[in-house]
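Chain letters run A, B, ... following the sequence lines, proteins first, then strands; residues in each count from 1.
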Amino acid sequence: MKNIRNFCIIAHIDHGKSTLADRLLEYTNTITKRESQAQVLDDMDLERERGITIKSKAIKMEYNSPDGQKYILNLIDTPGHVDFSYEVSRSIAACEGALLIVDAAQGIQAQTISNLYLALEHDLEIIPIMNKMDLPGANPEEVSDQIVDMIGCRREDIIPASGKTGMGVNDILEAIVARVPAPKGDPDAPLQALIFDSVFNSFRGIYAYFRVMNGSIKKGDKVKFMSTGSTYFADEIGLLRLKPEARDEVKTGDVGYLISGIKEAREVKVGDTITHVDRPCAEQIKGFEDVKPMVFAGIFPVDTEDYEELRYSMEKLQLNDASLTFEPESSAALGFGFRCGFLGMLHMEIIQERLEREFGMTVITTVPNVSYHAYQTNGDDMVVNNPTDLPDPSKLDRIEEPFIRAQVITKSEYTGAIMTLCIQKRGILVNQNYLTTDRVELVFEMPMGEIVFDFYDKLKSISRGYASFDYHPIDYRESKLIKLDLMLNGEPVDALSSLIHRDNAYDFGKRICEKLKELIPKQQFEIAIQASIGAKVIARETVKAMRKDVTAKCYGGDISRKRKLLEKQKEGKKRMRQVGSVEVPQSAFMAVLKLD
Amino acid sequence: MIYIHIPFCKQACNYCDFHFATSKRYIEDLQKALLKEIRLRRDEIPDQISSIYFGGGTPSLLSDKQLSEILETIHSNFNVQPDAEITLEANPDDLNINYLKEIKNIGINRLSIGIQSFRERDLQFMNRAHSANEAANCTLLAADAGFKNMSVDLIYAIPGLSDEEWEQNIQIAAGLPINHLSCYALTVEEKTPLAKQIKTGVAAAPEEDRAVSQFKILQTCSSALGYTHYEISNLAKPGFEAQHNSSYWSGKEYLGIGPSAHSFSKNLRRVNIPNNQKYISSLRDGDCLHETEIIDKKTRFHELILTGFRTSQGVSLQEITQLSSEYLNYFKSRIENHPLRKFISIEDDHVKLSPEKWLLADGIASDFFY
């Protein structure tokens, strides 16, 4: 046990985590250079493309230190996005140390800070690394200052490195051995192991990844997952090399996997504790939470006939992504589909893309919203995940919406613009903190509902990409929210309803009508686009009727060409959704996200 | 009925995307090939021939002897009705009195004259070979030569052509000794000189607003002048509807002779190779190169609807019933639910679109596609 080191990596997207991790694997001969397909740890296509790690993984390295001893280094990879912060916290809980990777050119970003705080809370030993030193734009002096300020280390503790050239990799390995404490734990105590991740394999079922805190687990043991109460036989256990390697026992302090015939990801909850049925441990490992979806949106098949296929695809996705929730939803405008819950906006995009790539589904995603609490005058309260479910205003006492604490780090020149944006989004500035002379941390409390619209895009554009953003839910607060409905020629379009703050309703209603006017093509008749609150119309736009849709041309006997043109036109119409007699293109259902 | 395509022109009109060549080098060889194709295909249409139509290109570039030779070959290989409509498309600059008399003699009994506009500026813009004066005069000459059945082509929505000027064009045409008008909206087709001129900014693009207002002017004027608007682009005095054009829409079989010509018989549509030399050489070696397309029931259903909605006669429900009762039921139920239901009538077993919505005819037709 004294030669085991468990560590994770904290880094912002694109700061070179995966490349540096690859170097560690190479230098410890865990993989050969030839095997090292760029970025081994991210093995979903989507991850590699987006340069982010969606699901965490773990890998064991054997390192022969110059001190003559052999060490086992377990690298526990962590997702790099705010949507997955709970999973990050569980990975951190499985480690004793963390590599803090900061891009030598870009400096510390918001995401890095919040994960760093999580690591500090868990008393992890932090090894600061300044990566990408080979870049011409590297600014080691200033970035060192930031790091020193942040974690209170000494300048000489910071390891300059480059994943690209291999600079500093040996120093990092030595620092892990020297600075990260060996795991503590009682090998003779009852089994207590922390599940920090799970992975779906279509042949073997779920692999649960765990870290043994106390005791040990043997092949064939009868084990219990404490929060779900389910019991299983440990059909196979083993260590996480590049590929899983079966073992008879995984001991205190080590990291391993368990296969027990579990078919669905939701049975394996990240943060749960594994113990023995016969000799259970006294208590669960602290910090377990049932992750709750934060963002909700409807997903509908473009072709209504594909509903069953969509259900099948969603079920398959849920097998390996337990944080995805869905239930059937029926919309007058879009037909049958699913109301889905996501951890955040990125998670939503990932699910949509996976549906398209892995299952070949084309879907319409409706405007996302958060989860509201509606308190009714009769004393009942309900959770509203879909604006159309909001009770009648006459029966409504009040609505509460989730608030977040948002942290933005930016160059000081963008402070004004960002403050304006956040205030527009009903944010309240609670803290402003200069990290260096030209880097500012801004902390806001704001309604989460405001960031599910177009917040990220706007933040990025007003700061020319120089702002990083992170948030955590804090509480629910009462808000003057009202339901804004949209109608096309008098027919309500349920999929376009949204809950919006009363003060913004008129402006918002006007802008969405204008946007829809742009997106809905001219048709054979005039189309009235109206935004209303209850029965009161607050905005209106008109799509004028199409004036000419005929070719008055000499076409001789060539009827085929003309027919084919019209058949193509018909196919185009089929791809649109019919609301009353109005044909609505798919893009219109996401219109709210693209308001200027 | 038989269509003969004469793929030669003196010069290229800027909007035209039909098949033609401005070099007359192969005219003799082509003539031979046409005659051979007529003989080869003598058994394709068993019925009596009610119409023969020389289209192009510019058929009036053929001499009366050449035309006569073609007609004789048709007569000796097909059963032509004595009162068959025999039309020649002609450009004003080709129509001198002697030529007119000769072609009248050999049996041509209808002229379709490509006047397009009575305004010099428009004719120059479109690169027509004739002048505004020739345009009007030729119809008078043709009447002198004994032609009693004449149609004139006009084009509207030409950039620069005002609504008033367009109305004048209609009035001038109506004052000529003619009884049929074909009026087309200037349409920009890919790969035409016009498309290129617009792309490079040399020419203005036709405006949709003008096409709309000038179509409406055509509707009002023509009925005041005693013309029936029997198809989107065709108007006639009662009894002078072109038999040939109408046959295209009503689904009669037709034989198309010549490069790029279209044929329709039984469930096949055929198009000959749109290349003069390949047409000539393939016929020299045997049969003419062509492509065929099988028209299945669904395709036929679509054809009936798209052509029917463009005519005053409408879509024949009887013909749809003959295809399948499923299509009939589908068609009827879609009509009931159509947003423009009140502009669609069903009378005499025909589905008709009210003329005030004819400008949407294609879009509406495609709404009923299966």
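- Dense packing is recorded around NZ of B/Lys352, with more than 12 heavy atoms of other residues, nucleotides or ligands lying under 6.0 Å away.
- Between the CD atom of A/Gln524 and the CG atom of B/Leu359 there is a distance of 12.0 Å, given to the nearest 0.5 Å.
- For A/Lys573, the NZ atom counts as densely surrounded, since its 6.0 Å shell holds more than 12 non-hydrogen atoms of other residues, nucleotides or ligands.
- For B/Asn337, no part sits under 4.5 Å from any heavy atom of chain A, backbone or side chain.
- Looking at B/Thr299, both its backbone and its side chain come within 4.5 Å of chain A, counting heavy atoms on both sides.
- B/Leu306 is listed as a side-chain neighbour of A/Lys562, based on a closest heavy-atom distance under 4.5 Å.
- Here A/Asp558 contributes atom CG and B/Phe18 contributes atom CZ; the two are 8.0 Å apart, rounded to the nearest 0.5 Å.
- The two residues A/Arg561 and B/Asp17 make their nearest non-hydrogen contact at NH1-OD2, 3.3 Å.
- The contact between B/Ser233 and chain A is made entirely by side chain atoms (from C-beta outward), counting heavy-atom distances below 4.5 Å.
- The OG atom of B/Ser366 sits 13.0 Å away from atom CZ of A/Arg563, with the distance rounded to the nearest 0.5 Å.
- Looking at B/Lys298 and A/Glu567, no side-chain N of the basic residue comes within less than 4.0 Å of a carboxylate O on the acidic one, giving no salt bridge.
- The environment of B/Lys357 atom NZ is dense: over 12 non-hydrogen atoms of other residues, nucleotides or ligands sit within 6.0 angstrom.
- At a threshold of 4.5 Å between non-hydrogen side-chain atoms, the residues A/Lys564 and B/His302 do not count as touching.
- A pairwise comparison of heavy atoms in B/Phe369 and A/Leu566 identifies CE2-CB, 3.6 Å as the closest pair.
- A pairwise comparison of heavy atoms in B/Asp367 and A/Lys570 identifies O-NZ, 3.3 Å as the closest pair.
- With values rounded to the nearest 0.5 angstrom, B/Glu208 atom CD is found 6.5 Å from A/Lys548 atom NZ.
- With a 4.5 Å cut-off on non-hydrogen atoms, B/Asn245 does not touch chain A at all.
- The shortest non-hydrogen separation linking A/Ser560 to B/Arg269 is OG-CD, 3.3 Å.
- Scanning both residues, B/Tyr248 and A/Ile559, for their nearest heavy atoms gives O-CD1, 3.6 Å.
- There is no contact between B/Tyr3 and chain A, counting heavy-atom distances below 4.5 Å.
- Residue contact with chain A, scored on non-hydrogen atoms closer than 4.5 Å, involves the side chain of B/Ile295 exclusively.
- Ranked by heavy-atom pairs under 4.5 Å with chain A, the first of B/His338, B/Glu189, B/His244 is B/Glu189.
- Neither the backbone nor the side chain of A/Lys568 comes within contact range of chain B; no heavy atom of the residue lies under 4.5 Å from a heavy atom of that chain.
- Remark: side-chain polar atoms of B/Arg310 are not paired, donor with acceptor, to backbone N or O of A/Ala552 under 3.5 angstrom.
- For chain A, the option among B/Ile232, B/Asp362, B/Val212 with the highest count of heavy-atom pairs below 4.5 Å is B/Asp362.
- No part of B/Tyr53 comes within reach of chain A, as not one of its non-hydrogen atoms sits under 4.5 angstrom from that chain.
- Around CZ of A/Phe525, the count of heavy atoms belonging to other residues, nucleotides or ligands within 6.0 Å exceeds 12.
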